[in-house]
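So the structure is just underneath, and the comments pick up after that.
Basis for what follows: all heavy atoms, side chains included, without hydrogens, waters or symmetry-related copies. One-based numbering along the sequence shown.
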Amino acid sequence: MSVSHCMGKALEIAAGPLDTWAGKIAALPDACLHSDCGAPRNCRERIADYLRVQYRAAKRKAAMPPRKGPR
């Protein structure tokens, strides 16, 4: 289950500013150190897919008007 190997790095990247994500993803190696990773996609592709969804959500949330009233 290679996604568990990748998730720590994805969360580490996600903790930083949005404008740094692309560079950090591009800097990831093609190959994973874990033998069960890489099929059908490598860690960089998995992390990019995960963060793409998170990026869109963060951008939409930032564009929303502030809520009024009790939460």
Mind listing the side-chain donor-acceptor pairs of residues 8-22 below 3.5 Å, one per line with the distance, residues two or more places apart or on another chain?
from: Lys9; atom 1: NZ; to: Glu12; atom 2: OE2; distance (Å): 3.1
from: Thr20; atom 1: OG1; to: Pro17; atom 2: O; distance (Å): 2.7
from: Trp21; atom 1: NE1; to: Ile13; atom 2: O; distance (Å): 3.0
from: Trp21; atom 1: NE1; to: Gly16; atom 2: O; distance (Å): 3.1
from: Trp21; atom 1: NE1; to: Pro17; atom 2: O; distance (Å): 3.3

With a 3.5 Å cut-off and sequence neighbours excluded, list the donor-acceptor pairs that the side chains of residues 54-61 form with protein atoms.
none

If you round to the nearest 0.5 Å, how far is CZ of Arg46 from CG of Leu28?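 If I round to the nearest 0.5 Å, the distance is 13.5 Å.
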
